S.K.: 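Questions regarding the structure given below will be posed in turn.
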Amino acid sequence: MSSTKAASSSELTVKPGESRSSNFIRDIFLEDLKTRKFGDAVIQTRFPPEPNGYLHIGHAKAICLDFGLADEFAGKTNLRFDDTNPEKEEQEYVDAIKRDVRWLGFDWERLCYASDYFDQLYQWAIKLIRDGKAYVDDLTAEEIRKYRGTLTEPGKDSPYRNRSVEENLDLFERMQKGEFADGTRVLRAKIDMASPNLNMRDPVMYRILRAEHHRTGNRWCIYPMYDYAHGQSDSIERVTHSMCSLEFADHQPIYRWFIEQLGIFPSQQIEFDRLSLTYTQMSKRKLRLLVEEGHVRGWDDPRMPTLSGMRRLGYTPEAIRNFVAAVGVSRTNGIVELAMLEHFVREDLNRRSPRVMAVLRPLRIVIDNYPEGQVEEVEAVNNPEDENAGKRKVPFSKVLYIEQDDFREDPPKQYYRLSPGREVRLRYGYLITAKSMVKNDRGEVVEVHCTYDPATRGGNAPDGRKVKSTIHWVSAEHAIDAEVRIYDKLFTREDPDQVEEGQEFTANLNPTSLEIVARAKLEPSLANATIGNRYQFERLGYFCVDPDSKLGHPVFNRTVALKDTWAKVEKKIERKGEL
RNA sequence: GUGGGCAUAGUUCAACUGGCAGAACACCGGAUUUUGGCUCCGGCUGUACGGGAUCGUACCCCGUUGCCCACCCCA
């Protein structure tokens, strides 16, 4: 597979395992393969989430890299749960993560858990103690912190640093047996308390922690730390290239140190930049807080940047993969514009979504010269992007609904839609002209009376006259009601964490991130819509059927709006008006 | 202040490793259009700064500046 293949229109979608532009990780793979760094071994990677929350769009980048890049080189990828901290981890998250990885379009070679290696890790710890490279420390957490020194001052040796091998062996065994209280002792690697890299100042390898582990139950009361577990887990799985995010770069020396001391398979750590998106919060801790404090309805709330949230919103795995491929990978800390993600969502949805007419905010239209009681079936194209999608019939009658936005009593200059005296086209229907209005007590237009030109059935005038606008509609008597949830950005600021002194990031929550339209009017063909179905509501956006839908009460989510040139023009007009 | 990482259009990435700085998104303009969608065409702005070596540098050398990460018994 060419590493620099350009995107052609027939290959818009990035398959799992395909990538678009060159990147530094691929270069490393190429080089390592060329120099046979790992001998005959194929590329082996792993995606190593901690099961303490749901996967989000940031993880999608890691997944596409771990699985995609390996695929590209005919390599293999394991899904490994980094479950070394039982206090935070749960089976629920394990299940959700597996579901989300599969949904994104990937499958793992092996399903692994760091906890699978607890015995091996324990044996290796004993070896390190025997070799004089690890010791049991009785210092408290507080004391360890003090002894560690600071960024500028070297640390001090713990008074327990030079215990005998025998004593360490004995103490560590007793730690494991549960003879000591939580937090009273740790096992540390004996490296260098003066290292300029704080991670090398005798990192803690094991802590005593009595917590039920979601897999090993109460078998253990000591648990390995990330730094001791991760590299060895990679090595056990013979991972050749272990990709992780940039903040672990400072951990690479420990990663290598353990592997070297143990003399085991030399997995190689490669760091890359995390994905950041404007207007979105990617911190797991803060996402959890949004769920727990009820700012959203759950991890799969369509406003969440989680994969389950995006799935429910209507994003497709293809769109996400294409997006990730387009974003690329580097070692720079940047922030990708949300607009880019939305572009790839629209691009994918445009190709696959059947078009349908739906009116969100209905305005009643009465066609005065249309025969009372008459119903015609007009023919509508299902998807102009896909000839095979075919056509459908849509009922047309005397009383219709159009979008409130599509009528203006007093239209601004560049407004082409319906207004008194103006003729527009009802899509696939007739040309109509607005004649008069009915207003309510508040002076709002509640009904518009029009006339239609019977010669324009289908939307074309025999005399060739043109109209500037085509608007969508539904027949009032045939329309079905639906709840439509209009989602918008969860945060009002590009950087949700940018807050005034004393404020929380929740201060930037968008108060109108969810707007519920209780009784939208849909064309009757939507009666068959089932959960998960996606549509383009013509001129409005892409929508999908939410799992909350009940028989007779369909619920649609707006996945993303269509680009709205008119909205821009209108804004410009307003700005001019202010001047 | 210490160590590490990074710096190329508004944004995210490319640039065959020293040979005319490109793409996508965004933005602006136009064409087309029975979706103010899609598509098509065009435009826009750039190698952080200062030196040096070289016929020639985004790429090499020296220096400066800026940003990110690290001082959990979290991962």
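Small disclaimer: the values here were computed from a predicted structure and weren't measured. Sequence lines set the chain letters: A, B, ... in the order given, protein chains first and strands last, and positions in each chain run from 1. Side chains included, hydrogens not; waters and symmetry mates left out as well; all remaining heavy atoms used.
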S.K.: Do the charged groups of A:K34 and A:E31 touch, with an N to O distance under 4.0 Å?
M.R.: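 Yes, A:K34 and A:E31 are salt-bridged.
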S.K.: Start at the 5' end of RNA chain B and walk down; is the nucleotide closest to A:T332 or to A:R539 reached first?
M.R.: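 Of the two residues, A:T332 wins.
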S.K.: Please measure how far the P atom in B:rA21 lies from the corresponding atom in B:rU45, and state the result in whole Å.
M.R.: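 Taking atom P in both B:rA21 and B:rU45, they lie 15 Å apart.
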S.K.: Taking only the P atom of each, what is the distance from B:rU64 to B:rG3 in whole angstrom?
M.R.: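 One P to the other, the span is 13 Å.
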S.K.: Roughly how far apart, to the nearest Å, are B:rA58 and B:rG22 at atom P?
M.R.: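 Rounded to whole Å, the distance is 12 Å.
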S.K.: Using the salt bridge (charged side-chain N to carboxylate O under 4.0 Å, His left out) criterion, which residues pair with A:D273? Sequence neighbours excluded.
M.R.: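 In terms of salt bridge (charged side-chain N to carboxylate O under 4.0 Å, His left out), with neighbours along the sequence ignored, A:D273 is linked to A:K61.
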S.K.: How are the rings of A:H213 and A:Y223 set to each other: parallel, tilted or perpendicular (split at 30° and 60°)?
M.R.: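 Correct class here is parallel.
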S.K.: State whether A:E376 and A:R457 are salt-bridged, where the test is any N-O pair (Lys NZ or Arg NE/NH1/NH2 against Asp/Glu carboxylate O) under 4.0 Å.
M.R.: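 Looking at A:E376 and A:R457, the cut-off is met.
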S.K.: At 4.0 Å (heavy atoms only), tell me whether A:Q414 reaches a base, stays on the sugar-phosphate, or touches nothing.
M.R.: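 The residue A:Q414 makes base contact.
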S.K.: Does A:E385 or A:T470 map to a spot on RNA chain B nearer the 5' end, using the closest nucleotide for each?
M.R.: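 Mapping each residue to its closest nucleotide by heavy atoms, the 5'-most match is A:T470.
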S.K.: Between the protein and nucleotides 26-29 of chain B, which nitrogen or oxygen pairs are less than 3.5 angstrom apart?
M.R.:
from, atom 1, to, atom 2, distance (Å)
B:rC27, OP1, A:K568, NZ, 2.9
B:rG29, OP1, A:K572, NZ, 3.2

S.K.: Please name all residues satisfying salt bridge (charged side-chain N to carboxylate O under 4.0 Å, His left out) with A:K466, sequence neighbours left out, ordered by chain then number.
M.R.: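 So A:K466 forms no salt bridge (charged side-chain N to carboxylate O under 4.0 Å, His left out) with any residue.
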S.K.: Write down the distance between CZ (A:R427) and C1' (B:rG36), rounded to a whole number of angstrom.
M.R.: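 Taking atom C1' of B:rG36 as the reference, CZ of A:R427 is at 12 Å.
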S.K.: Roughly how many Å apart are B:rA7 and B:rU12, using the P atom of each and rounding to a whole number?
M.R.: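 After rounding to an integer number of Å, I get 12 Å for this pair.
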S.K.: Who are the side-chain hydrogen bond (donor to acceptor under 3.5 Å, both in side chains) partners of A:T84, not counting sequence neighbours?
M.R.: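 Scan of A:T84 (side-chain hydrogen bond (donor to acceptor under 3.5 Å, both in side chains), adjacent residues dropped) gives none.
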S.K.: Reading nucleotides 66-75 of chain B 5' to 3', which nucleotides get B (base under 4.0 Å from a protein heavy atom), which S (sugar-phosphate only), which -?
M.R.: --SBBBSBSB
S.K.: Atom CG of A:D348 and atom P of B:rC25: how far apart are they, to the nearest Å?
M.R.: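 Going from CG in A:D348 over to P in B:rC25 covers 15 Å.
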S.K.: Report the residues that fulfil salt bridge (charged side-chain N to carboxylate O under 4.0 Å, His left out) with A:D495, sequence neighbours left out, ordered by chain and then residue number.
M.R.: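 If we apply the salt bridge (charged side-chain N to carboxylate O under 4.0 Å, His left out) test to A:D495, skipping adjacent residues, there are no hits.
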S.K.: Using a 4.5 Å cut-off on heavy atoms from C-beta on, say whether the side chain of A:F491 contacts that of A:R493.
M.R.: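 They are not in contact (no side-chain heavy atoms under 4.5 Å apart), so the answer is no.
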S.K.: Dot-bracket, 5' to 3', for RNA chain B please: Watson-Crick or G-U pairs under 3.5 Å, [ ] where pairs cross earlier ones, | where the partner sits on another strand, dots elsewhere.
M.R.: .((((((..((((.....[..)))).(((((.......)))))....(((((..]....))))))))))).....
S.K.: What distance, rounded to whole Å, do you find between the two C1' atoms, one in B:rC6 and one in B:rU47?
M.R.: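 Per the computed distance, 15 Å lies between those C1' atoms.
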S.K.: Go through the structure and list residues passing side-chain hydrogen bond (donor to acceptor under 3.5 Å, both in side chains) with A:E385, not counting sequence neighbours.
M.R.: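 Testing A:E385 for side-chain hydrogen bond (donor to acceptor under 3.5 Å, both in side chains), a comparison that skips the adjacent residues, returns none.
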S.K.: Using a strict 4.0 Å threshold on nitrogen-to-oxygen distance, state whether A:D192 and A:R201 make a salt bridge.
M.R.: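 A:R201 and A:D192: not salt-bridged.
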S.K.: Residues in salt bridge (charged side-chain N to carboxylate O under 4.0 Å, His left out) with A:R352, at least two apart?
M.R.: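 For A:R352 the salt bridge (charged side-chain N to carboxylate O under 4.0 Å, His left out) partners, ignoring immediate neighbours, are A:E318, A:D348.
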S.K.: In terms of side-chain geometry, is the basic nitrogen of A:R408 or A:E403 positioned less than 4.0 Å from the acidic oxygen of its partner?
M.R.: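 The answer is no: the pair does not qualify as a salt bridge.
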S.K.: Under 4.0 Å, heavy atoms only, any strand: does A:V329 hit a base, just the sugar-phosphate, or nothing?
M.R.: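 Since only primed, P, OP1 and OP2 atoms lie under 4.0 Å of A:V329, the category is sugar-phosphate.
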S.K.: With rounding to whole Å, what would you report as the distance between B:rA9 and B:rA14 at their P atoms?
M.R.: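 Roughly 13 Å separates the two P atoms.
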S.K.: Using the P atom on both, measure B:rG5 against B:rC60 and round to a whole Å.
M.R.: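 Taking atom P in both B:rG5 and B:rC60, they lie 15 Å apart.
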S.K.: Can you tabulate the close N/O pairs, meaning under 3.5 Å, that link protein atoms to atoms of nucleotides 40-46 of chain B?
M.R.:
none

S.K.: Which is it for B:rC72, anti or syn, if anything within 90° of zero counts as syn?
M.R.: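 Syn conformation here, the glycosidic angle of B:rC72 being no more than 90° from 0.
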S.K.: Under 4.0 Å, counting only non-hydrogen atoms across every strand here, what does A:R425 touch: a base, just sugar-phosphate, or nothing?
M.R.: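 Contact class for A:R425: base.
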S.K.: Tell me what A:T565 touches on the nucleic acid: a base, only sugar-phosphate, or nothing, going by heavy atoms under 4.0 Å.
M.R.: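 Sugar-phosphate, no base atom in range.
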S.K.: Taking the basic N atoms (NZ, or NE/NH1/NH2) and the acidic carboxylate oxygens, is any pair closer than 4.0 Å for A:K88 and A:D83?
M.R.: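 Result for this pair is no, no salt bridge flagged.
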S.K.: How would you label the contact of A:Y415 with the nucleic acid (heavy atoms, under 4.0 Å): base, sugar-phosphate, or nothing?
M.R.: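 It contacts base atoms.
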S.K.: My understanding is that only residues two or more places apart in sequence, or in another chain, count here; which of them pass side-chain contact (heavy atoms from CB on, under 4.5 Å) with A:A358?
M.R.: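 With neighbours one apart ignored, the set is A:L522, A:F537.
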S.K.: Could you pull out all residues at least two apart from A:K393 that satisfy side-chain contact (heavy atoms from CB on, under 4.5 Å)?
M.R.: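 Applying side-chain contact (heavy atoms from CB on, under 4.5 Å) to A:K393 gives A:E377, A:E379.
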S.K.: Decide, for B:rU17, between syn and anti: a glycosidic angle within 90° of 0 counts as syn, anything else as anti.
M.R.: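 Here the answer is syn: the torsion falls within 90° of 0.
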S.K.: Hey, does A:Q536 reach any base, or is it just sugar-phosphate, or nothing, if we go heavy atoms under 4.0 Å?
M.R.: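 Base contact.
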